[in-house]
Protein chains: 2
Amino acid sequence: MADPDERFDSIVKKLKENNHKLTPQRLAVVKILATSKGHPNVEKIYELIQKDFPTMSLATVYRNVMLLKSLGEVLELGFPDGSNRYDGNKPYSHPHVICVKCKKIIDPDLDTLKDMTAEVADETGFKILMHRLDFFGICQDCI
Amino acid sequence: MADPDERFDSIVKKLKENNHKLTPQRLAVVKILATSKGHPNVEKIYELIQKDFPTMSLATVYRNVMLLKSLGEVLELGFPDGSNRYDGNKPYSHPHVICVKCKKIIDPDLDTLKDMTAEVADETGFKILMHRLDFFGICQDCI
DNA sequence: AATCAATTAAGAATGATTCCTAATTATATT
DNA sequence: AATATAATTAGGAATCATTCTTAATTGATT
């Protein structure tokens, strides 16, 4: 996991560079995305911010998450059931291992992934821009 | 690609085994899913069936696609933008290469994928049930 | 401190999917 | 072949996540 403080500063820097205002609500969203390990969804971010901003609108969370996504500072994890969760700590393509019971998400190290991407580019002639690799299974805690 | 006729028969057999009625609408959905190469979405299936069944309800397409999915005879491909497309020809986890411009989908052969699944199981202790592997890029036709 | 464009809150609108209900129909049985 | 019945259908209503709208507010610049 990247250092949460560094990630926070890095995202704030990107926002400034692109002339986006640093509102308290926006910074609260950034903080949660930069620091949380659990890949929160929009609803979760909304809940967490409620404590500090009781009038916070859900639409504001959506707006800011989308902004950060468009700046490449947040990775959206779309799941088969249609739900979305977000990773602001490692905002680039990387594999996940997801427990279908407790919904835990782990980031495994897969050395062979780079080779595989090259293999795909070679076989299909595509210029590969990104990928999505998720393994679904049962974690040790859930037997 | 598996033989479309065999896939059609195989799906029909599964439906019979599970005591589902073979309505004309249902069989039309099965036929399209078993034979189409282009990974159609629900809307596309609906359009294609309109010609033969002008009174066909969109809900009926959804119902039947979901039924086939629950029987393991159709693979649902959920995309980052929230859209879904379906594969009734190869209804098991397999990688895709998707052109972000023309939306073309190719099924590459990746020999190393089995090894990678074993690697993940070994590293995380998960019992891996399925996976999802999509590469996004630009195909040769779209330069 | 004043200005102004960006941002916000709150609720309305949207769009994909699912649900509901009465009418229809595939299948098994006679 | 006719009947019974449980599954399925059409069509529209309901749902739910997400996006849009509008007027009010606010961060950043001068």
Side-chain angles (χ1 to χ4, degrees), chain A residues 11-33 39-71 73-74 76-86 103, chain B residues 11-33 39-71 73-74 76-86 103:
Chain A
I11 297 176
V12 169
K13 182 159 163 267
K14 176 72 82 73
L15 284 169
K16 278 184 187 159
E17 283 169 7
N18 290 77
N19 300 314
H20 295 290
K21 292 184 180 175
L22 304 179
T23 67
Q25 295 94 329
R26 176 163 291 162
L27 291 174
V29 172
V30 171
K31 174 133 283 175
I32 287 169
L33 285 169
H39 305 80
N41 58 17
V42 166
E43 202 62 39
K44 181 71 177 173
I45 297 170
Y46 179 60
E47 269 175 45
L48 290 170
I49 296 183
Q50 286 284 26
K51 291 163 193 163
D52 298 315
F53 300 88
T55 67
M56 182 79 169
S57 167
L58 188 55
T60 297
V61 180
Y62 274 104
R63 235 179 306 106
N64 281 297
V65 170
M66 291 308 123
L67 172 63
L68 295 170
K69 199 178 101 178
S70 73
L71 292 173
E73 295 295 329
V74 157
E76 182 175 63
L77 315 178
F79 289 100
D81 66 358
S83 64
N84 285 312
R85 289 167 71 175
Y86 296 89
K103 310 296 179 191
Chain B
I11 297 176
V12 169
K13 181 158 164 269
K14 176 72 82 72
L15 284 168
K16 278 185 188 158
E17 280 168 9
N18 291 76
N19 300 314
H20 294 291
K21 291 184 179 175
L22 303 179
T23 66
Q25 295 94 329
R26 176 164 291 161
L27 292 174
V29 171
V30 171
K31 174 132 285 176
I32 287 169
L33 285 169
H39 305 81
N41 59 16
V42 167
E43 201 64 39
K44 181 72 179 172
I45 297 169
Y46 179 60
E47 269 174 46
L48 290 171
I49 296 183
Q50 286 286 24
K51 292 163 193 164
D52 298 315
F53 299 89
T55 67
M56 181 80 167
S57 167
L58 189 54
T60 297
V61 179
Y62 274 104
R63 235 178 308 105
N64 281 296
V65 169
M66 290 310 122
L67 172 63
L68 295 170
K69 199 178 101 178
S70 74
L71 292 173
E73 295 296 329
V74 158
E76 182 176 63
L77 315 178
F79 289 100
D81 65 358
S83 64
N84 285 312
R85 288 166 71 176
Y86 297 88
K103 311 295 178 189

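Sequence lines set the chain letters: A, B, ... in the order given, protein chains first and strands last, and positions in each chain run from 1.
Dashed line: the shortest gap from a side-chain N or O of Arg26(A) to OP1 or OP2 of dT7(C) is under 4.0 Å. Note on Gln25(A): every side-chain N or O is 4.0 Å or more away from OP1 and OP2 of dT26(D). Residue Asn41(B) places no side-chain N or O under 4.0 Å from the OP1 or OP2 atom of dA16(C). OP1 or OP2 of dA9(C) lies within a sub-4.0 Å distance of a side-chain N or O belonging to Thr60(A). Of the side-chain N and O atoms in Arg63(A), none sit less than 4.0 angstrom from OP1 or OP2 of dT19(D). The phosphate of dA26(C) (OP1 or OP2) has no side-chain N or O of Asn19(B) nearer than 4.0 angstrom. Look at Ser57(A) and you won't find any side-chain N or O under 4.0 angstrom from OP1 or OP2 of dA10(C).
For Pro24(B), taking side-chain heavy atoms from C-beta onward, the closest of the listed nucleotides dT18(C), dA26(C), dC20(D) is dA26(C). For Thr23(A), counting side-chain heavy atoms from C-beta on, the closest listed nucleotide (dT18(D), dT17(C), dG27(D)) is dG27(D). The side chain of Lys21(B) sits closest to dA26(C) out of dG11(D), dT9(D), dA26(C).
In this structure, CG of Leu22(A) is placed 10 Å from P of dT7(C), rounded to the nearest angstrom. Taking atom CE of Met56(A) as the reference point, atom C1' of dT25(D) lies 15 Å away to the nearest angstrom. Note: NE2 (His20(B)) to C1' (dA7(D)) measures 10 Å, nearest angstrom. Rounded to an integer number of Å, the gap from Leu58(B) CG to dC20(C) C1' is 16 Å.
Contacts of Pro54(A) with the nucleic acid, taken as non-hydrogen atoms under 4.0 Å apart, are absent. No engagement by Asp81(A) is indicated, since no non-hydrogen atom pair under 4.0 Å with the nucleic acid exists.
Across all non-hydrogen atoms, the minimal contact from Arg85(B) to Lys103(B) is NH1-O, 3.1 Å. Heavy-atom minimum distance, Asn41(A) versus Tyr86(A): CA-CD1, 4.4 Å. In terms of heavy atoms, Glu76(A) sits closest to Met66(A) at OE2-CE, 4.0 Å.
In this structure, Lys44(B) places its NZ atom where only 12 or fewer heavy-atom neighbours from other residues, nucleotides or ligands lie under 6.0 Å away.
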